[in-house]
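Reminder, nothing fancy here: chain letters follow the sequence lines and each chain counts from 1. Fair warning: this is a prediction, and the values are worked out from it, not measured in the lab.
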Protein chains: 2
Amino acid sequence: MAVPSTAVASSRKKRGEGHTRREEILQAAKELFLEAGYDATTIRRIADRVGVSAPALYLYFHDKEAMMLALCDQTFGHLVEHVAFIEKTVSDPLDCVRQFGEAYARFGLEHPDEYRLVFMGNNMPESVRKVGHRMATDDPTRPGVGGAIVFSRLVAMLSRLEASGVKLNYPPDTCAELCWMGIHGVVAALIMKPDFPWSNRETLIKGMLDIVVKGLVR
Amino acid sequence: MAVPSTAVASSRKKRGEGHTRREEILQAAKELFLEAGYDATTIRRIADRVGVSAPALYLYFHDKEAMMLALCDQTFGHLVEHVAFIEKTVSDPLDCVRQFGEAYARFGLEHPDEYRLVFMGNNMPESVRKVGHRMATDDPTRPGVGGAIVFSRLVAMLSRLEASGVKLNYPPDTCAELCWMGIHGVVAALIMKPDFPWSNRETLIKGMLDIVVKGLVR
DNA sequence: AAGATAAGTTATCGTTGATAAGTTATCAAT
DNA sequence: ATTGATAACTTATCAACGATAACTTATCTT
């Protein structure tokens with residue numbers, strides 16, 4: 001005996017209005033992914049929340065993975081904008097890196113589920129696993145470039161820092177990787193083991209940034 | 001048309017010899033988990049490799065997760081031993097921390113699936129997600145305590161470092177957390193995005209350790 | 001009114017993890 | 001040597017999953 005659908009059936013869209021259904025699906029998928037995670041969110045549950053049959057989702061997305069990719073783009077767009085704002089408004093390159101780190105960590109902690117899905121999704125399909133690191137040379141219209149864009153801005157910041165005369169202990173790419181890995185380590189730990197008796201969050205974030213900055217510049 | 005089993009059927013175990021079958025299952029599961037990852041390894045494939053029917057696995061393990069937990073214990077046991085060896089043989093406390101970091105990173109990169117399951121398992125059942133941070137007060141015979149033991153040794157090392165007269169910028173717990181987060185960041189990144197054009201692995205590991213050590217000691 | 005087609009539906013497939021219920025081999029005690 | 005208990009299995013089956021094929025229905029254009 002199947003559980004009866006709790007959702008009100010949604011009326012059929014008029015011609016040319018399919019894209020609104022697409023957005024409804026995306027919204028429902030986002031809610032469910034955030035409520036229950038990727039695996040626990042089934043095609044059928046998404047369809048049920050939208051008020052439509054399961055195969056209808058395949059009219060708008062090639063598969064489950066494509067929905068996730070679209071959501072990643074959406075969420076990361078906000079972070080990309082924020083980082084761009086920092087780059088424009090903060091003149092001191094070192095300060096810029098610090099503010100990037102704080103914004104990044106704050107973003108991760110404020111969107112733990114999206115963060116997990118993009119940067120910690122260990123059982124996602126390959127194309128989703130690769131979301132965070134598609135290079136700028138890839139087609140920018142392809143879904144999933146948000147993570148790569150954010151990272152590339154960090155590389156740019158560190159290049160600018162080096163160009164401003166500050167001596168780095170490693171090439172800018174390596175510095176960016178180490179910087180990102182350090183911050184990511186903090187965010188990942190706090191997100192994944194929220195019940196562990198960690199030290200104060202702010203202390204850890206500021207502490208890691210201090211460590212990284214001190215360790216990267218000569 | 002089902003794919004015919006390629007495995008030779010294994011003969012029934014004699015009475016009291018069930019534990020050997022349990023070990024056979026664990027061995028096959030380990031091979032398959034490492035070959036194809038957790039999700040791609042199905043109960044049926046494990047059973048097929050052992051030469052036994054799928055439900056037979058449930059005579060020895062409550063579910064798929066329990067097999068992975070048993071393997072995690074097995075694998076993390078080696079790391080625990082290695083860390084204990086370092087503590088015994090390396091006299092200089094700072095050197096001890098460095099060697100811990102290198103051993104930890106090497107372990108993670110050599111056992112990416114176990115590492116992911118213990119420290120990055122965001123979609124695992126709750127009992128597996130909590131594997132890494134069960135405290136020493138928990139029942140030590142329960143599966144999955146390896147991660148907590150390893151972390152507690154790092155705290156001990158940093159306490160020893162402080163006791164030896166070295167001034168730390170944070171309390172030993174916080175230092176251990178930051179140190180672990182840094183190394184974990186490196187390992188997690190390399191494991192999760194293996195196709196990204198990262199800098200040299202050794203450079204990143206040594207670099208992160210340099211950064212952390214330099215940043216933690218006054 | 002009629003054809004084209006966007007926007008759905010129902011029925012179904014193969015696969016998954018897991019369980020129920022029955023079977024067979026082995027051992028201990030009579 | 002037979003019997004009873006039980007360890008060590010098997011076969012049959014379940015519900016849920018992602019996905020597809022094939023069919024229907026509503027809407028727009030001409």
[N] [atom2] sits how many Å from [X] [atom1], rounded?
{"X": "A:Leu57", "N": "D:dT20", "atom1": "CG", "atom2": "P", "value": "13 Å"}
{"X": "A:Lys13", "N": "C:dG8", "atom1": "NZ", "atom2": "C1'", "value": "13 Å"}
{"X": "B:Glu65", "N": "C:dT16", "atom1": "CD", "atom2": "C1'", "value": "16 Å"}
{"X": "A:Ile43", "N": "C:dG14", "atom1": "CD1", "atom2": "P", "value": "20 Å"}
{"X": "B:Asp48", "N": "D:dT10", "atom1": "CG", "atom2": "P", "value": "12 Å"}
{"X": "A:Lys64", "N": "D:dT20", "atom1": "NZ", "atom2": "P", "value": "14 Å"}
{"X": "A:Leu59", "N": "C:dT10", "atom1": "CG", "atom2": "P", "value": "14 Å"}
{"X": "B:Tyr60", "N": "C:dT19", "atom1": "OH", "atom2": "P", "value": "17 Å"}

Mind checking if [X] touches a base, just sugar-phosphate, or nothing, with heavy atoms under 4.0 Å?
{"X": "B:Thr20", "result": "nothing"}
{"X": "A:Arg22", "result": "nothing"}
{"X": "A:Phe61", "result": "nothing"}

- request: Output yes when a side-chain donor or acceptor of B:Arg22 lies under 3.5 Å from a complementary backbone atom of B:Tyr60, and no otherwise.
  value: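 The answer is yes, because a donor-acceptor pair under 3.5 Å joins these two groups.
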task: Kindly say whether, by distance alone, the side chain of A:Arg12 makes a donor-acceptor pair under 3.5 Å with the base of D:dT25?
output: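 Side chain to base: pair present.
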query: If you take atom types as modelled and just measure distance, does the side chain of A:Arg44 reach the base of D:dG18 with a donor-acceptor pair under 3.5 Å?
result: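 Result: at least one qualifying N/O pair found.
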Any Lys/Arg nitrogen of [X] or [Y] sitting under 4.0 Å from an Asp/Glu carboxylate oxygen of the other?
{"X": "A:Arg160", "Y": "A:Glu87", "answer": "no"}
{"X": "A:Arg45", "Y": "A:Glu35", "answer": "no"}
{"X": "B:Lys206", "Y": "B:Glu102", "answer": "yes"}

message: Reading DNA chain D from 5' onward, which residue's closest nucleotide shows up sooner: B:Lys14 or B:Pro55?
response: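 Its nearest nucleotide lies further toward 5', so the answer is B:Lys14.
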Candidate nucleotides D:dT11, C:dA18, D:dT20, ranked by approach to the side chain of A:Tyr58 - the nearest: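 Of the candidates, D:dT20 comes closest.
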Candidate nucleotides D:dT10, D:dG18, C:dT16, ranked by approach to the side chain of B:Thr42 - the nearest: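 Nearest nucleotide to the side chain: C:dT16.
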task: State which residue, out of B:Glu23, B:Lys30, B:Glu31, fulfils the side-chain hydrogen bond (donor to acceptor under 3.5 Å, both in side chains) condition with B:Gln27.
output: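 Single pass found, and it is B:Glu31.
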Secondary structure of DNA chain D in dot-bracket form (Watson-Crick or G-U wobble, distances below 3.5 Å, | marking inter-strand pairs): ||||||||||||||||||||||||||||||
- request: Check the pair B:Phe107 / B:His111 against ring pair (Phe, Tyr, Trp, His ring centres under 6.0 Å), numbers first and verdict last.
  value: CA-CA 6 Å; B:Phe107 169 84; B:His111 305 91; 4.7 Å; yes
query: Side chains of B:Tyr104 and B:His82: donor-acceptor distance under 3.5 Å anywhere?
result: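 Note: B:Tyr104 and B:His82 side chains miss the donor-acceptor criterion.
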